[in-house]
Amino acid sequence: QVQLVESGGGLVQAGGSLRLSCAASGRTFSSYAVGWFRQAPGEDREFVTAISWSGGSTYYAASVKGRVAISRDNAKNTVYLQINSLKPEDTAVYYCAASRHPTPAGVSSRYDPWGQGTQVTVSS
């Protein structure tokens, strides 16, 4: 079973950038699609972006498209989330999750396991 650990969150000013990492254990990680989701206080969990097992396909939520880039390095068992032009409304706990589904995209029920999350706080 793959286990995921997110890192790279923190406090950043509006307009800044962050790169989040999702490090996985397990030799089969390269066969999983990976998605990033976020959850703000009092809000439902929201899909951000996802990448196929090969990295050849990516999916982005309309709310972040153009400011976010997902990538993966299977040799390092790591998926990255680059967020640029951060806004206060990007403040949330960001989670990565893995999926064996052929096209998980933004459907959270298709993802298991999940990481513990990393906090991103954007100040205005």
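When reading the values below, keep in mind they use all heavy atoms of this one structure, side chains included, and skip hydrogens, waters and symmetry mates. Worth saying up front: this structure is predicted, and the values here are computed from it rather than measured.
Under the 4.5 Å side-chain heavy-atom criterion for Ile, Leu, Val, Met, Phe, Trp and Tyr, Y111 and L4 are members of distinct hydrophobic clusters. No continuous path of ILVMFWY side-chain contacts below 4.5 Å connects Y95 to F29, so the two sit in separate hydrophobic clusters. Residues V2 and Y94 fall within the same hydrophobic cluster, defined by Ile, Leu, Val, Met, Phe, Trp and Tyr side chains chained together at heavy-atom separations under 4.5 Å. Residues V122 and V48 share a hydrophobic cluster, clusters being chains of Ile/Leu/Val/Met/Phe/Trp/Tyr side chains in contact below 4.5 Å. At a threshold of 4.5 Å between side-chain heavy atoms, the hydrophobic network of Ile, Leu, Val, Met, Phe, Trp and Tyr places L18 and Y60 in one connected group.
With rounding to the nearest 0.5 angstrom, the OG atom of S30 is 7.5 Å from the CG atom of N77. Taking CD of Q119 as the start and CG of L11 as the end, the distance is 9.5 Å to the nearest 0.5 Å. To the nearest 0.5 Å, atom OG of residue S52 and atom CZ of residue R72 are 7.0 Å apart. Note that the CG atom of D44 and the CD atom of Q39 stand 7.0 Å from one another [nearest 0.5 Å]. Between E89 atom CD and L86 atom CG the span is 10.0 Å, to the nearest 0.5 Å. Considering CD1 of I70 and OG of S57, their distance stands at 11.5 Å, rounded to 0.5 Å.
Ring geometry for W114 against F37 counts as tilted: the plane angle lies between 30° and 60°, on a 0 to 90° scale.
Counting only distance, with no hydrogens or angles, the side chain of R110 and the backbone of T103 share a donor-acceptor pair below 3.5 Å. At distances below 3.5 Å, not a single donor-acceptor pair connects side-chain atoms of T118 with backbone N or O atoms of E6. Put simply, the side chain of N74 never gets that close to the backbone of S54: no donor and acceptor are under 3.5 Å apart.
Heavy atoms only, all atoms of each residue included: P88 and A14 are closest at CD-CB, 4.2 Å. Minimum interatomic distance between A92 and A40 (heavy atoms only, all atoms of both residues): CB-N, 3.8 Å.
Contact annotation: the side chain of S17 approaches that of N84 to within less than 4.5 Å [non-hydrogen atoms, C-beta and beyond]. The shortest side-chain heavy-atom distance between R38 and S63 falls under the 4.5 Å cut-off. Contact annotation: the side chain of H101 never approaches that of D112 to less than 4.5 Å [non-hydrogen atoms, C-beta and beyond]. Annotation: side chain of Q82 is not in contact with side chain of S71 (no heavy-atom distance under 4.5 Å).
The 12-atom threshold is not exceeded at CD of Q3, counting heavy atoms of other residues, nucleotides or ligands nearer than 6.0 Å.
In terms of the ring pair (Phe, Tyr, Trp, His ring centres under 6.0 Å) criterion, Y80 has no residue partners (sequence neighbours excluded). Listed by chain and number, the residues in a salt bridge (charged side-chain N to carboxylate O under 4.0 Å, His left out) with R67 are D90 (sequence neighbours excluded).
Aromatic ring centroids of Y59 and F47 lie 6.0 Å or more apart.
Screening V68, V34, I83 for a side chain to side chain contact (heavy atoms under 4.5 Å, CB included) with T49, the sole residue that qualifies is V68.
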